[in-house]
Amino acid sequence: MILLMGIAGSGKGTQGKMLADKNKFHLISMGDVVRMYVTGKQRERMLAGELLDDQEIIEIVDKVLKTIPGNEEVILDGFPRTLPQAEWLVEQAKSGRFKLRTALHLVASREAVKARLLDRARIDDKEDSINQRFDEYEKSTAPILKWLEESGVDVYNANAEQTREEVFKELETHLEQV
Ligand code: AMP
């Protein structure tokens, strides 16, 4: 299993797709899965931009992973987003369910992300909300990466301010080594 971490605008979606297509891996985007899966109260919370409870999201990831043959590689995008989610994932790996090969962290500065998102010009990509997203991302992701590393998971910080081809090459080179 390969984890893909990075803020919106870091190129996570693009790189996840390129890596999965080239290497013929599964690509699980939690945002897509949640949009496909949830109804009722959960959907309401999703639409309000709130994270689902850890128990709820873990149940969904668990179900999706059960549909994938154990020997096939998976790129997971959008999970873990909290420490309890990361703890669950590492526990599953330790129990032998899959191998946590690496967490690919796409590192881009606030300015680079801002330029890309404003360019993309989605309705929720206004400057204020970008700043807020960046603050939240730093607050939530830094402890997860630190914890993964302390648990023995390889964490790779890639320079995501390069062109998409350059970033892709850097990630591929790293994947050859883990
Ligand atoms: P995204 O497209 O990645 O922003 O995800 C869309 C929505 O799905 C989020 O706003 C959350 O409601 C839900 N979601 C996706 N991934 C997670 C996660 N790891 N933990 C909790 N909720 C999640």
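In each ligand, atom 1 is the first atom listed, and ligand 1 is the first ligand listed. Since the structure is predicted, the reported quantities are computational estimates derived from the model, not experimental observations. For the numbers below, each heavy atom of this structure counts, side chains included, while hydrogens, waters and symmetry mates do not.
Shortest contact from atom 14 (N) of ligand 1 to any protein heavy atom: V34 CG2, 3.9 Å. Distance from atom 10 (O) of ligand 1 to its nearest protein heavy atom, with residue and atom name: E50 O, 3.9 Å. From the protein, the heavy atom lying nearest to atom 23 (C) of ligand 1 is I57 CD1, 3.6 Å. The closest protein non-hydrogen atom to atom 5 (O) of ligand 1 is G31 CA, 3.4 Å. The shortest contact between atom 7 (C) of ligand 1 and any protein heavy atom is with M46 CG, 3.9 Å. Ranking protein heavy atoms by distance to atom 4 (O) of ligand 1, first place goes to R81 NH2, 3.3 Å.
Within the listing of ligand 1, atoms 18 (C), 19 (N), 20 (N), 21 (C) sit less than 4.0 angstrom from a heavy atom of Q85. Within ligand 1, counting atoms from 1 as listed, the ones closer than 4.0 Å to a heavy atom of M30 are 16 (N). The contact set between ligand 1 and F79, taken as ligand atoms under 4.0 Å from a residue heavy atom, comprises 19 (N).
For ligand 1, the polar-atom distance check finds an N/O of L52 within less than 3.5 Å of one of the ligand's N/O atoms.
Remark: Y156 OH to H105 NE2 distance equals 12.5 Å, nearest 0.5 Å. Rounding to the nearest 0.5 Å places OG1 of T102 at 7.5 Å from CD1 of I2.
Hydrophobic cluster membership differs between I68 and L27, with clusters built from Ile, Leu, Val, Met, Phe, Trp and Tyr side chains linked at under 4.5 angstrom. Linking ILVMFWY side-chain heavy atoms closer than 4.5 Å, directly or via other members, places I58 and L52 in a single hydrophobic cluster.
Of the candidates A48, G78, P80, it is G78 that places a heavy atom closest to atom 19 (N) of ligand 1.
Under the 4.0 angstrom criterion for non-hydrogen atoms, R35 is in contact with ligand 1.
Residues K66 and D62 are paired through a salt bridge, judged by an N-O separation under 4.0 Å between the basic side chain and the carboxylate. Look at E73 and K24 and you find no salt bridge, because none of the NZ, NE, NH1 or NH2 atoms lies under 4.0 Å from a carboxylate O. No salt bridge links R116 with E111; every basic N to acidic carboxylate O contact stays at or beyond 4.0 Å.
Using modelled atom types, one finds a donor on one side chain and an acceptor on the other under 3.5 Å when comparing E166 with T163.
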